[in-house]
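The structure displayed is predicted, hence computed values, not measured ones.
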Amino acid sequence: MTEPLVPNLGVRPATAGDEEPIREIARDFDNLDSWPERPDYLDHELTTGLVLVGERDGDVVGFGGVLVRGDVVHLADLFVRKDLLGKGIGGAILRGLLDASPPEAIRVTFASSDPRALPLYAMAGMRPVMPVVYLSGSADAARAVAAEGQVRLAAGDELRGIAALDATASGRTRDVDHAFLASLPSAEALVVEDGAGVRAFAWVRLTPVVGGSGLREAFVGPVGARSEAEMSAMVAGVVRAVADRAAAVHVSLLGPNPALATLLRAGFRVVDRDTLMSSRVDLIDGRTYAPSLELG
């Protein structure tokens, strides 16, 4: 990684006074559009993660955040003020984050389509593993998805089973993230289960559309399952479950996910793509896990 080209750049832990500059940068990249209500993912990241800022002459010019969960370090955010892109600020913040994380930890992130992102993460020890495909569909497209199994709202005592299945599917233990989702009025967990316990789960947030129209959008993820068939049923089931309550449904799928073709045939469209990168290429099975954009 090259040295930053911005004079007087310092990298330090974020403080309470940095929250608004961090949010201003996040808003400039549209990162808060899907979080119109507080607490949002940045509240959670600032509370439970490690967030560093790049500062120049007293101004915050970039920030990055990692969620350290067990032996996995997920780089959740790395953004630089748009007028200062390409000057090494992101690399300096990334070095600070990784230097402050356990050196033996598994590193994972989603690299955007920006041609500078993948090389930066590759030089930090992460390898491209598979695409992350972001899909959006109208309520009509969601209704066109054929439900493949019995999906229901999770009971409160099933949160532990959801977290346990997620630890297997996502490759890390993150009870704190499930507790955060469970605390949100806009979020609900759905499950497929049998007598042996939870076979598949999905979190979905139903958030007001910005502008006060009264409509809602559904954001699905993370999703985990014990098998490809159960993953397919879970994705189809959660999409159908929210079809009559949301004007649009948004789902993030990894390339091998068996539900990808199902959603495309129903009328969902690919709106963006990232690349899952990891220092351990077998950390996640893309056939049985679908990520949350913010939580990994």
Side-chain angles (χ1 to χ4, degrees), residues 26-27 30-45 76 132-156 158-159 161-163 165-166 170 174 176-193 198 200-225 231-253 257 259 262-263 266-272 289-296:
R27 282 192 290 267
D30 303 323
N31 288 0
L32 294 175
D33 286 359
S34 62
W35 293 83
E37 301 173 315
R38 302 281 296 273
D40 56 30
Y41 90 92
L42 272 178
D43 289 311
H44 182 60
E45 190 174 299
V132 187
V133 184
Y134 302 105
L135 301 110
S136 293
S138 65
D140 286 342
R143 280 190 284 267
V145 175
E148 301 176 23
Q150 186 62 41
V151 173
R152 62 167 176 78
L153 280 172
E158 289 175 319
L159 187 60
I162 290 171
L165 176 53
D166 175 68
S170 73
R174 49 183 185 174
V176 65
D177 298 321
H178 290 281
F180 166 65
L181 290 169
S183 74
L184 300 176
S186 62
E188 57 191 40
L190 293 96
V191 294
V192 171
E193 58 84 33
V198 176
F201 75 90
W203 281 102
V204 59
R205 292 184 299 109
L206 286 156
T207 67
V209 173
V210 176
S213 65
L215 299 175
R216 290 183 175 268
E217 293 182 87
F219 296 88
V220 178
V223 186
M231 167 57 75
S232 182
M234 188 72 253
V235 173
V238 68
V239 167
R240 287 288 293 123
V242 299
D244 294 328
R245 295 186 286 156
V249 182
H250 310 281
V251 188
S252 307
L253 299 181
N257 194 296
T262 300
L263 296 189
F268 278 69
R269 294 292 178 262
V270 176
V271 295
D272 203 0
Y289 182 71
S292 157
L293 174 60
E294 297 84 8
L295 304 179

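- Within the 4.5 Å cutoff, no side-chain heavy atoms of Arg269 are placed close to those of Leu135.
- In this structure the side chain of His250 never reaches within 4.5 angstrom of the side chain of Val271, judged on heavy atoms.
- Contact check for Val191 versus Glu158: side-chain heavy atoms found under the 4.5 Å cut-off.
- Partners of Leu181 by side chain to side chain contact (heavy atoms under 4.5 Å, CB included), not counting sequence neighbours, listed by chain and number: Leu184, Trp203, Pro222, Leu295.
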Inset, instruction - I would like to know whether Phe219 and Val204 meet side-chain contact (heavy atoms from CB on, under 4.5 Å); could you show each step before the answer? - result: CA-CA 5 Å; Phe219 296 88; Val204 59; 6.0 Å; no

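- Between Glu188 and Arg205, none of the side-chain N atoms (NZ, or NE/NH1/NH2) sits under 4.0 Å from a carboxylate O, so this pair counts as no salt bridge.
- At least one side-chain heavy atom of Val239 sits under 4.5 Å from a side-chain heavy atom of Phe268.
- Residues Val249 and Glu217 fail the side-chain proximity criterion, which asks for heavy atoms closer than 4.5 Å.
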Inset, instruction - Could you walk me through whether Val176 and His44 pass side-chain contact (heavy atoms from CB on, under 4.5 Å), step by step? - result: CA-CA 9 Å; Val176 65; His44 182 60; 4.2 Å; yes

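- In this structure, Leu263 and Leu253 have side chains that are in contact, with non-hydrogen atoms separated by less than 4.5 Å.
- Ala243 and Ala139 get closest at one heavy-atom pair: O-CB, 3.6 Å.
- In this structure, Ala246 and Leu206 approach most closely via the heavy-atom pair CB-CD2, 4.0 Å.
- For the atom pair Phe201 CZ and Leu190 CG, the distance stands at 11.5 Å (nearest 0.5 Å).
- Taking every heavy atom of both residues into account, Val151 and Val238 meet most closely at CG1-N, 4.5 Å.
- Ring planes of Tyr41 and Trp35: tilted class, angle from 30 to 60°.
- Leu42 and Ala26 make their closest contact through CD1-CB, 3.9 Å (heavy atoms, listed as atom of the first residue, atom of the second, distance).
- Of the possible donor and acceptor atoms, none in the side chain of Arg216 sits under 3.5 Å from a partner among the backbone N and O of Arg245.
- In this structure, CG on Asn257 lies 9.0 Å from OG1 on Thr262, to the nearest 0.5 angstrom.
- Across Glu193 and Val198, no two heavy atoms sit closer than the pair CB-CA, 3.9 Å.
- Using a 4.5 Å heavy-atom cutoff, the side chains of Glu45 and Glu294 are not in contact.
- The closest donor-acceptor contact from the side chain of Asp40 to the backbone of Glu37 lies at 3.5 Å or more, if one exists at all.
- Side-chain contact between Asp166 and Tyr289: present, with at least one pair of heavy atoms (C-beta onward) separated by less than 4.5 Å.
- Between Tyr134 and Ser252, the shortest heavy-atom contact is CD2-OG, 3.2 Å.
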